[in-house]
Peer 1: 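Below are the structure tokens for one structure; questions will follow.
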Amino acid sequence: DSSPRISGSERKRVLEANKLAAAFYKEQLNGPGPAQVGREFLKQRGFDRAAAESFGVGYAPDEWDALSKHLKAKGFTDAELEMAGLTKEGQRGFIDRFRNRLIWPIHEISGDVVGFGARKLASDAEDQGPKYLNTPETPIYKKSQVLYGLDMAKKDIAKSRQAVIVEGYTDVMAAHLAGIPTAVATCGTAFGADHIRI
């Protein structure tokens, strides 16, 4: 494990930043303007507002620093936001990692938000980035050890002694809404031994 060790207090700050980021994105999804594209995307795939709400789906505004500004006003530092994987180094300082994307918070089994998955909404001409973008590996987010939806599915998985592994965030939502509450997804990575252990 080559990732840097962090202190308990740093871990707490990073988890808190993620929690507030999830709330910020969620609020943005119900906002005016570009968020409409995100709501349309969900609607076309059969997800209503209640479904988006129950999975905490959000929207990252099409701005360089909407989230950073929001969290810095709450006392977070650039170093903390970068450690959480919420920002990255731009040409003139730090910029938000996710912009103009639908956002899914990724929870660890305890329910804490440890990262995010984000889907591009703009055309390829407008946004050359990958279709799906995840939080990078951080001291609290190891994609080989996280299954999306596990916090919601764990009771049913334990009860039925089975898990349904699907590919993406919307697949998990669709499965749960179709009455398969044991569905979980790998976060943009291959299904491996660590996942099986979890």
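This chain uses plain numbering: 1 for the first residue, then up along the sequence. Values reported hereafter were calculated over all heavy atoms of this structure, with side chains retained and with hydrogens, waters and symmetry mates removed. Computed from a predicted structure; not experimentally measured.
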Peer 1: Honestly curious: do Leu133 and Leu86 fall in one hydrophobic cluster under the side-chain, below-4.5 Å linking rule?
Peer 2: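 In one cluster with Leu133: Leu86, yes.
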Peer 1: Of all the heavy-atom pairs spanning Asn134 and Tyr141, show the shortest one and how long it is.
Peer 2: ND2-OH, 3.9 Å
Peer 1: To the nearest 0.5 Å, how far apart are CD in Glu40 and CZ in Arg45?
Peer 2: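 Atom-to-atom, Glu40:CD and Arg45:CZ are 11.0 Å apart.
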Peer 1: Starting from Val37, can I reach Phe98 by hopping between I/L/V/M/F/W/Y residues whose side chains sit under 4.5 Å apart?
Peer 2: no
Peer 1: Determine, using the 4.5 Å side-chain heavy-atom cutoff (strictly less than), whether Phe76 and Phe94 are members of one ILVMFWY cluster.
Peer 2: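 Cluster IDs for Phe76 and Phe94 differ.
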Peer 1: So do the side chains of Lys88 and Ile95 get within less than 4.5 Å of each other, counting heavy atoms only?
Peer 2: yes
Peer 1: For the residue pair Tyr169 and Tyr132, categorise the inter-ring angle as parallel (less than 30°), tilted (30 to 60°) or perpendicular (more than 60°).
Peer 2: tilted
Peer 1: Say whether Asn100 and Tyr59, considering side chains only, have a donor N or O and an acceptor N or O under 3.5 Å apart.
Peer 2: yes
Peer 1: If I compare all heavy atoms of Asp156 with all of Pro181, which pair ends up nearest, and what's the gap?
Peer 2: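 It is OD2-CB, 3.4 Å.
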Peer 1: Count I, L, V, M, F, W, Y as connected when their side-chain heavy atoms are under 4.5 Å apart, and connections chain through other members. Are Ile103 and Met173 then in the same cluster?
Peer 2: no
Peer 1: Atom OG1 in Thr182, atom CE in Met152: separation rounded to 0.5 Å?
Peer 2: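 Between atom OG1 of Thr182 and atom CE of Met152 there are 12.5 Å.
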Peer 1: Before giving the answer on salt bridge (charged side-chain N to carboxylate O under 4.0 Å, His left out), spell out for Lys72 and Asp78 the whole-Å C-alpha distance, their side-chain angles and the decisive distance to 0.1 Å.
Peer 2: CA-CA 8 Å; Lys72 280 162 122 177; Asp78 278 328; 2.9 Å; yes
Peer 1: So, are Arg99 and Asp96 salt-bridged, with charged N and O less than 4.0 Å apart?
Peer 2: no
Peer 1: Taking His176 for its side chain and Ala183 for its backbone only, find out whether a donor-acceptor pair lies under 3.5 Å.
Peer 2: yes
Peer 1: Could you walk me through whether Thr138 and Met83 pass side chain to side chain contact (heavy atoms under 4.5 Å, CB included), step by step?
Peer 2: CA-CA 6 Å; Thr138 71; Met83 195 189 293; over 6 Å; no
Peer 1: What distance separates Thr135 OG1 from Ile106 CD1, expressed to the nearest 0.5 Å?
Peer 2: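 These two atoms lie 6.0 Å from each other.
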Peer 1: Any donor-acceptor pair under 3.5 Å linking the side chain of Asn18 with the backbone of Val113?
Peer 2: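 Yes: the side chain of Asn18 pairs with the backbone of Val113.
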Peer 1: Could you state the interatomic distance from CG (Asp127) to CG (Leu121), rounded to the nearest 0.5 Å?
Peer 2: 9.0 Å
Peer 1: Answer yes or no: is there a side-chain heavy-atom contact under 4.5 Å between His195 and Thr186?
Peer 2: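 Contact flag for His195/Thr186 side chains = yes.
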Peer 1: Would you say Arg101's side chain and Ala118's backbone share a donor-acceptor pair under 3.5 angstrom?
Peer 2: yes
Peer 1: Please examine the side chains of Arg119 and Lys131, heavy atoms only from C-beta on, and report whether any two atoms are closer than 4.5 Å.
Peer 2: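 In short, these two side chains touch, coming nearer than 4.5 Å.
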Peer 1: Under 3.5 Å, side chain of Arg39 to main-chain N/O of Gly31, donor-acceptor pair present?
Peer 2: yes
Peer 1: Taking atom CZ of Arg49 as the centre, report whether more than 12 heavy atoms of other residues, nucleotides or ligands fall under 6.0 Å from it.
Peer 2: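 No, not enclosed.
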Peer 1: Taking Gln36 for the side chain and Gly33 for the main chain, is one N or O donor matched with an acceptor at less than 3.5 Å?
Peer 2: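 Judged by distance alone, no pair lies under 3.5 Å.
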Peer 1: Please name the pair of heavy atoms, one in Ala52 and one in Leu29, separated by the smallest distance, quoted to 0.1 Å.
Peer 2: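 Distance-wise, the nearest heavy atoms are CB-CD2, 4.3 Å.
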Peer 1: Could you state the interatomic distance from CD1 (Ile140) to NZ (Lys12), rounded to the nearest 0.5 Å?
Peer 2: 14.0 Å
Peer 1: Where is the tightest heavy-atom contact between Thr87 and Ser68, given as atom of each residue plus distance?
Peer 2: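 It is CG2-OG, 3.5 Å.
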Peer 1: So which heavy atom on Gln28 is nearest to which on Ala35, and how close?
Peer 2: O-CB, 3.3 Å
Peer 1: Check whether any side-chain N or O of Lys154 sits under 3.5 Å from a backbone N or O of Ile109 as a donor-acceptor pair, and report yes or no.
Peer 2: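 Yes; at least one donor-acceptor contact below 3.5 Å.
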Peer 1: Restricting to non-hydrogen atoms, name the atom on Leu20 and the atom on Lys74 that form the minimum distance, rounded to 0.1 Å.
Peer 2: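 Looks like CD1-CD, 3.8 Å.
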Peer 1: Under the salt bridge (Lys or Arg N to Asp or Glu O under 4.0 Å) test, which residues partner Glu167, sequence neighbours left out?
Peer 2: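 Glu167 satisfies salt bridge (Lys or Arg N to Asp or Glu O under 4.0 Å) with no other residue.
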Peer 1: Salt bridge check, Arg13 against Glu10: does any charged N sit closer than 4.0 Å to a carboxylate O?
Peer 2: no
Peer 1: Assess whether ring pair (Phe, Tyr, Trp, His ring centres under 6.0 Å) is satisfied between Tyr25 and Phe116, documenting all intermediate values.
Peer 2: CA-CA 10 Å; Tyr25 290 140; Phe116 296 92; 5.5 Å; yes
Peer 1: Do the two ring centres, one from His107 and one from Tyr148, sit under 6.0 Å apart?
Peer 2: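 Centroid distance His107-Tyr148: not below 6.0 Å, so no.
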Peer 1: Look up atom CG in Leu15 and atom OG in Ser110, then write down how far apart they are to the nearest 0.5 Å.
Peer 2: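 If I round to the nearest 0.5 Å, the distance is 7.5 Å.
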Peer 1: Tell me which one of Lys143, Lys142, Arg11 satisfies salt bridge (charged side-chain N to carboxylate O under 4.0 Å, His left out) with Glu108.
Peer 2: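 That would be Arg11; it is the only one of Lys143, Lys142, Arg11 passing the salt bridge (charged side-chain N to carboxylate O under 4.0 Å, His left out) with Glu108.
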Peer 1: Kindly indicate whether the side chain of Val184, heavy atoms from C-beta on, has any atom under 4.5 Å from the side chain of Ile165.
Peer 2: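 In short, these two side chains touch, coming nearer than 4.5 Å.
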Peer 1: Give a yes or no answer on whether the side chain of Asp112 reaches the backbone of Val114 with a donor-acceptor pair at less than 3.5 Å.
Peer 2: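 Checking the backbone N and O of Val114 against the side chain of Asp112, no donor-acceptor pair under 3.5 Å is found.
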Peer 1: Less than 4.5 Å apart, side chain to side chain, heavy atoms only: is that true for Phe191 and Ser144?
Peer 2: no
Peer 1: Consider only side-chain heavy atoms of I, L, V, M, F, W and Y, link residues closer than 4.5 Å, and tell whether Leu150 and Trp104 are in one cluster.
Peer 2: no
Peer 1: Below 4.0 angstrom, N of the basic side chain to O of the carboxylate: do Glu63 and Lys69 qualify?
Peer 2: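 Judged by the 4.0 Å cut-off on N to carboxylate O distance, Glu63 and Lys69 do not form a salt bridge.
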Peer 1: Mind checking ring-ring contact (aromatic ring centres under 6.0 Å, His included) for Phe41 and listing every partner two or more places apart, or none if nothing turns up?
Peer 2: none
Peer 1: More than 12 foreign heavy atoms under 6.0 Å from CD of Glu27: is that the case here?
Peer 2: no
